[in-house]
A.B. asks: 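Structure in structure tokens, see below.
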Amino acid sequence: MTKSADTHCPYCALQCAMTLTSPTALAPASQPGSVPVPGTAAPGIPLAAPLEVSGRDFPTNRGGLCRKGWTSASLLNHPGRITEPLLKGADGVHRPISWDQALDLAVSAVKDARARYGADAVGVFGGGGLTNEKAYMLGKFARLALGTSRIDYNGRFCMSSAAAAGMRAFGVDRGLPFPLEALDTASTILMLGSNVAETMPPFVQHLKGTRDAGGLIVVDPRRSATAAFTADGGGLHLQPLPGTDLTLLLGISHVVFHENLVDSAYLAGRTSGYSAVARSVNSFWPERVQSLTGVPAELIRETARRLARGARDGGSYILTGRGVEQHVDGTDTATAAINLSLLLGLPGSARSGYGTLTGQGNGQGGREHGQKADQLPGYRKITDPAARAHVAKVWGVEEDLIPGPGLPAVQLLKSLGKPDGVRCLFVHASNIAVASPDANAVIAGLRSLDFLMVCDFFMSETAAEADLILPVLQWAEEEGTLTNLEGRVLRRRRALTPPAGARSELWIMARLAEALDAPSTYSEDPETVFEELRLASAGGLADYSGIDYGMLDRGEAAYWPYPAGSQGTPRLFQDRFAHPDGKAVMTPVTPRRRRAPAAPPAGAGTAATTMTLITGRLLEHYQSGAQTRRVSELLAAQPEAKVQIHPAAAASMGITEGALVSVANERGEVQCRAQLSTAIRPETVFLPFHFPELESANRLTEAATDPVSGMPEFKFNTVWVRPVAAPLSTNVLQTTEAS
Ligand SMILES: Nc1nc2c(c(=O)[nH]1)N[C@H]1C(S)=C(S)[C@@H](COP(=O)(O)OP(=O)(O)OC[C@H]3O[C@@H](n4cnc5c(=O)[nH]c(N)nc54)[C@H](O)[C@@H]3O)O[C@H]1N2
Ligand SMILES: Nc1nc2c(c(=O)[nH]1)N[C@H]1C(S)=C(S)[C@@H](COP(=O)(O)OP(=O)(O)OC[C@H]3O[C@@H](n4cnc5c(=O)[nH]c(N)nc54)[C@H](O)[C@@H]3O)O[C@H]1N2
Ligand SMILES: [Mo]
């Protein structure tokens, strides 16, 4: 009998709606409200055939899926799936052990680290792919059951700069403060550092109308697929030097002032701090900005004019992505984009707006409910006495049992194995060995730990370093909720029974908390946890108290804030911003001087050329690639990292198409093949970060951070590029494990 479950894609924050159909293996309990307890793992029903995936009509994806979504189900019965707890022996080989043994080991490791070094020697690293229920529980588990302040997550590498800028300006951080469909009718859309044509392909439907009318403007040092998409309609592609977006935005703002395009009534009524911002852009006239960014002055003027014109007719939107945010000045750059949008009166207006495009599946919800170092559920600050009192009451504990703020991700990773640092680490839903800046140093840190436990369903490069690996559930095997890039809460539904040896992370946390005699309660049932999350978030910025599984199962749209008794909030800021006076705060920002590029070390052999490295994504792979490198179709399409390099630059170095190239700096070296392309600026090279080992871009990135957000510098690093004679190694995973 064929049965089906309506759910959403496992990957990015667009959370495309999909239906999973299985002839044989559907769990009986995907009816609304009834949630089986995966922790008790009934004998697994083997999948006779992979689940079938079909796109489902939904306002964001309108039935569309990308190649990753279409092939996602092939991972459910992948032969490389981990289905038993694995312990690493003295010989470095992982061998199966029982769940009782595994949990005992984890508990002793925690107790040992605590006894020897104190509670903060235990650390937790979470992920923006976790459901709201798991992210919430992870924050509670870390603080109450482990008693540690040391919890942070991979969203620090993703949304932290945009979040900090949004908080500062608007008093709240919801990536898109409007439904995605609002973009459909816009006259002008300015997209800075976002390549949605590859990172959220079904999103492009919402840009098409604006593109066709010539209103799409993309800012990217590469002619990305999204930048190329502007061309047909007469849109603009601005191609700045990497890392100069802040200057560029000040230049556009300068034109807005100079040509009297500001919305004065809006500024007077809805913002504060305007005059300081006006002064701060004074010296950024277009010709000067051209010389600093490489963007022609005329394009700077034209961008300002189109935005202002759009604001008067169909609507103008400014959107930012990781390209402008993943920098040591990412918060200030996002702030400059927000300031520009405020000058034009966009945020909160009926047809215009500002937004940032959240990345991970639950990148929005995952940054609201307490897995951030300084945060309590409901987007509350852990340092706020009222927030602590509220959450302590929901948890039924004394306030002083809740530790203070911990360390942001990069600092947490730098502390691994250090005498006063984290000695015992739990990783949930991140492949830090590949995805973190200065990855060589992170791997060394992982190896210096007393104990590393990783929850995953695949042998990721991080799991491979672990003493203990706990096998967990994949998306189609679990119930829960995620919050998409619009701030809309969605239901993830179970479509099949998990393998017998896998357990839910809620079950794992509940068992560990019990063994650690933790205060409060730790349910393994997602709906029960969501009910608790509702209470914990009530009254906070991200208030979910009016949302329940029943309404989500009926398909009702639930945009937070959704206080009990309200109707939710599809569009924020219509009447007021979230600061006490209701106004948006404009903060002047100016570029800081960047470090001069280091020259290649003397004696580096064949002359290497100093270039700027930017990193990012390919359509076929997701993040560290732990999942998509195991999908044969995706791996066949993109089997290895290639360094994108301009033909002129390549010619001057004697590099030809497909030639082996070394990209190195003081932190490490990547060796991979060259892909010659005029889409990239001649002084710049591009590497995707989806590949491990010798192809791992993060061997080169610097763990310097933004002073406000803690975001590392992923998209502006100095490298030395040269051709190499012979390859060093092959990627073991790619040759052995693809399904
Ligand atoms: N296929 C795929 N899709 C994904 C993901 C994935 O891994 N693979 N990950 C998801 C996640 S978590 C995220 S965060 C999003 C990210 O989505 P995007 O932000 O679209 O992704 P990136 O490729 O990291 O960066 C976007 C663009 O920034 C440009 N860029 C680099 N440096 C600069 C700069 O200094 N200035 C400007 N203006 N642009 C610059 C790059 O050339 C790139 O084209 O994608 C989500 N969707
Ligand atoms: N150079 C460079 N580096 C970057 C970026 C960049 O643009 N350039 N982008 C950064 C960004 S935006 C992000 S978001 C990060 C992401 O990078 P990572 O944090 O590494 O993200 P993933 O590769 O999605 O890793 C998720 C891991 O958890 C597993 N997993 C998936 N779902 C679950 C679950 O529910 N529970 C558990 N326990 N495990 C699960 C997967 O199998 C995988 O091994 O990378 C960052 N690193
Ligand atoms: Mo991300």
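Values below: all heavy atoms of this structure, side chains included; hydrogens, waters and symmetry mates excluded. When a ligand or atom number is given, it counts from 1 through the structure's own listing order.
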A.B. asks: Please indicate whether any nitrogen or oxygen in Ser430 is less than 3.5 Å from any nitrogen or oxygen in ligand 2.
C.D. replies: yes
A.B. asks: Would you call Arg492 and Glu478 a salt bridge, using N to O less than 4.0 angstrom?
C.D. replies: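 Result for this pair is yes, salt bridge flagged.
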A.B. asks: Does only the side chain of Ala429 get under 4.0 Å from ligand 2, or the backbone, or both, or neither? Count heavy atoms.
C.D. replies: both
A.B. asks: Show the atoms of ligand 1 that are less than 4.0 angstrom away from any heavy atom in Asp245.
C.D. replies: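 Within the 4.0 Å cut-off of Asp245, ligand 1 contributes 34 (C), 35 (O), 36 (N), 37 (C), 38 (N).
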A.B. asks: Specify the protein heavy atom at minimum distance from atom 14 (S) of ligand 1: its residue, its atom name, and the distance to 0.1 Å.
C.D. replies: Arg322 NH1, 3.1 Å
A.B. asks: In terms of residue, atom name and distance, what is the protein heavy atom nearest to atom 22 (P) of ligand 2?
C.D. replies: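 The closest heavy atom on the protein side is Gln623 CB, 3.5 Å.
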A.B. asks: Would you say Lys715 contacts ligand 2, with heavy atoms under 4.0 Å as the rule?
C.D. replies: yes
A.B. asks: In terms of side-chain geometry, is the basic nitrogen of Arg67 or Glu633 positioned less than 4.0 Å from the acidic oxygen of its partner?
C.D. replies: yes
A.B. asks: So which heavy atom in the protein is nearest atom 25 (O) of ligand 2, and how far is it from that ligand atom?
C.D. replies: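 For atom 25 (O) of ligand 2, the nearest protein heavy atom comes out as Asn431 N, 3.5 Å.
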A.B. asks: Does a side-chain N-to-carboxylate-O contact under 4.0 Å join Arg81 and Glu477?
C.D. replies: yes
A.B. asks: Assess Lys134 for proximity to ligand 2: is some non-hydrogen atom of it under 4.0 Å away?
C.D. replies: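 Lys134 counts as a contact of ligand 2 under the 4.0 Å cut-off.
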A.B. asks: Please list, in number order, the atoms of ligand 1 under 4.0 Å from a heavy atom of Arg222.
C.D. replies: 41 (C), 42 (O), 43 (C), 44 (O)
A.B. asks: Please check: side-chain N/O of Gln371 versus main-chain N/O of Gly127, any donor-acceptor pairing under 3.5 Å?
C.D. replies: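 Answer holds: yes.
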A.B. asks: So that I can tick it off, tell me whether Asp173 and Arg367 are bridged by a salt bridge, with the cut-off set at under 4.0 angstrom between side-chain N and carboxylate O.
C.D. replies: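 Counted as a salt bridge, because a side-chain N and a carboxylate O are separated by less than 4.0 Å.
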A.B. asks: What do we get for Leu130 next to ligand 2 when only non-hydrogen atoms under 4.0 Å count, side chain, backbone, both or neither?
C.D. replies: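 Side chain only.
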A.B. asks: Within the 4.0 Å heavy-atom shell around Gly193, which atoms of ligand 1 are there?
C.D. replies: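 Near Gly193, meaning under 4.0 Å from one of its heavy atoms, ligand 1 has 19 (O), 26 (C), 27 (C), 28 (O), 37 (C), 38 (N), 39 (N).
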A.B. asks: Should you measure from each heavy atom of Val219, which atoms of ligand 1 turn up under 4.0 Å away?
C.D. replies: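 Under 4.0 Å from Val219, ligand 1 has these atoms: 38 (N).
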A.B. asks: Does ligand 1 come near enough to Pro240 that some N or O of the ligand is less than 3.5 Å from an N or O of the residue?
C.D. replies: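 Among all N and O atoms of Pro240, none is under 3.5 Å from an N or O of ligand 1.
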A.B. asks: Do any heavy atoms of Leu618 fall under 4.0 Å from ligand 1?
C.D. replies: yes
A.B. asks: Of Gly128, Cys66, Pro221, which has the heavy atom at the shortest distance from atom 37 (C) of ligand 1?
C.D. replies: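 Looking at heavy atoms only, Pro221 sits closest to atom 37 (C) of ligand 1.
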A.B. asks: Under a 4.0 Å heavy-atom limit, does Gln627 contact ligand 2 with its side chain, its backbone, both, or neither?
C.D. replies: side chain
A.B. asks: Within less than 4.0 angstrom of ligand 1, does Lys68 place any heavy atom?
C.D. replies: yes
A.B. asks: Tell me, which protein residue and heavy-atom name are nearest atom 24 (O) of ligand 1, and how many Å apart are they?
C.D. replies: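 Minimum-distance protein heavy atom for atom 24 (O) of ligand 1 reads Arg617 NH1, 2.6 Å.
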A.B. asks: Number the atoms of ligand 2 from 1 as they appear, then name those within less than 4.0 Å of a heavy atom of Ala626, with their elements.
C.D. replies: 43 (C), 44 (O)
A.B. asks: How far is atom 35 (O) of ligand 1 from its nearest protein heavy atom, and which residue and atom name does that atom have?
C.D. replies: Gly243 N, 2.8 Å
A.B. asks: Name the closest protein heavy atom to atom 43 (C) of ligand 1, giving the residue it belongs to and the distance to 0.1 Å.
C.D. replies: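 For atom 43 (C) of ligand 1, the nearest protein heavy atom comes out as Asp220 OD2, 3.3 Å.
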A.B. asks: Among all protein heavy atoms, pick out the one at the shortest distance from atom 10 (C) of ligand 1; state its residue, atom name and that distance to 0.1 Å.
C.D. replies: Gly359 O, 3.5 Å
A.B. asks: So is Phe716 close enough to ligand 1, meaning a heavy atom under 4.0 angstrom away?
C.D. replies: no
A.B. asks: Just jot down the ligand 2 atoms closer than 4.0 angstrom to any heavy atom of Asn154, in number order.
C.D. replies: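 Matching atoms, with element in brackets: 18 (P), 19 (O), 21 (O).
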A.B. asks: Give the minimum heavy-atom separation between Val663 and Val643, together with the two atoms involved.
C.D. replies: CG2-CG2, 4.2 Å
A.B. asks: Got the closest protein heavy atom to atom 17 (O) of ligand 2, with its distance?
C.D. replies: Ala435 CB, 3.1 Å
A.B. asks: Determine, for Glu524 against Arg511, whether the closest basic-nitrogen to carboxylate-oxygen distance falls under 4.0 angstrom.
C.D. replies: yes
A.B. asks: What protein heavy atom sits nearest atom 8 (N) of ligand 2, and how far off is it?
C.D. replies: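 Answer for atom 8 (N) of ligand 2: Thr615 OG1, 2.9 Å.
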A.B. asks: Do the charged groups of Arg629 and Glu461 touch, with an N to O distance under 4.0 Å?
C.D. replies: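 Salt bridge between Arg629 and Glu461, a charged N being under 4.0 Å from a carboxylate O: yes.
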A.B. asks: Return the option from His428, Gln326, Arg156, Glu505 holding the heavy atom at the smallest distance from atom 36 (N) of ligand 2.
C.D. replies: Glu505
A.B. asks: For atom 34 (C) of ligand 1, tell me which residue out of Gly361, Ala227, Gly330, Gly323 has the closest non-hydrogen atom.
C.D. replies: Gly323
A.B. asks: To the nearest 0.1 Å, how far is atom 23 (O) of ligand 2 from its closest protein heavy atom, and which atom is that?
C.D. replies: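 Going atom by atom, the protein heavy atom closest to atom 23 (O) of ligand 2 ends up being Ser624 OG, 2.6 Å.
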A.B. asks: Check ligand 1 against Cys158 and write out every atom of the ligand that is under 4.0 Å from a heavy-atom position of the residue.
C.D. replies: 14 (S)
A.B. asks: Check each atom of ligand 1 against the heavy atoms of Pro242 and keep those under 4.0 Å away; list them by number with element.
C.D. replies: 35 (O)
A.B. asks: Could you list which atoms of ligand 1 come closer than 4.0 Å to a heavy atom of His327?
C.D. replies: 34 (C), 35 (O)
A.B. asks: Counting non-hydrogen protein atoms only, what is the nearest one to atom 44 (O) of ligand 2? Give residue, atom name and distance.
C.D. replies: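 Of every protein heavy atom, Asp456 OD2, 2.6 Å lies nearest to atom 44 (O) of ligand 2.
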A.B. asks: Looking only at N/O atoms, are Thr244 and ligand 1 under 3.5 Å apart anywhere?
C.D. replies: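 For ligand 1, there is no N or O atom that lies under 3.5 Å from one belonging to Thr244.
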A.B. asks: Is there any N or O on Leu619 that sits under 3.5 Å from an N or O of ligand 1?
C.D. replies: yes
A.B. asks: Name the closest protein heavy atom to atom 32 (N) of ligand 2, giving the residue it belongs to and the distance to 0.1 Å.
C.D. replies: Phe457 CZ, 3.5 Å
A.B. asks: Taking 4.0 Å as the limit for heavy-atom contacts, which would you say applies to Asn698 with ligand 2: side chain only, backbone only, both, or neither?
C.D. replies: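 For Asn698, only side-chain atoms sit under 4.0 Å from ligand 2.
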A.B. asks: Please indicate whether any nitrogen or oxygen in Glu198 is less than 3.5 Å from any nitrogen or oxygen in ligand 1.
C.D. replies: yes
A.B. asks: Does any N or O atom in Cys455 lie less than 3.5 angstrom from one in ligand 2, N or O only?
C.D. replies: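 Yes.
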A.B. asks: Using the rule given for salt bridge (charged side-chain N to carboxylate O under 4.0 Å, His left out), can you reason through Glu693 versus Arg699, listing the C-alpha separation, both sets of side-chain angles and the distance that settles it, and then say yes or no?
C.D. replies: CA-CA 8 Å; Glu693 299 165 28; Arg699 291 179 164 207; over 6 Å; no
A.B. asks: Just go through Leu238, Val196, Thr199, Leu241 and tell me whose heavy atom is the nearest to atom 45 (O) of ligand 1.
C.D. replies: Thr199
A.B. asks: Which residue and atom name correspond to the protein heavy atom nearest atom 2 (C) of ligand 1, and how close is it?
C.D. replies: His621 O, 3.4 Å
A.B. asks: So, 4.0 Å and heavy atoms of His690: is ligand 1 close enough to count as a contact?
C.D. replies: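 Flag set, His690 near ligand 1.
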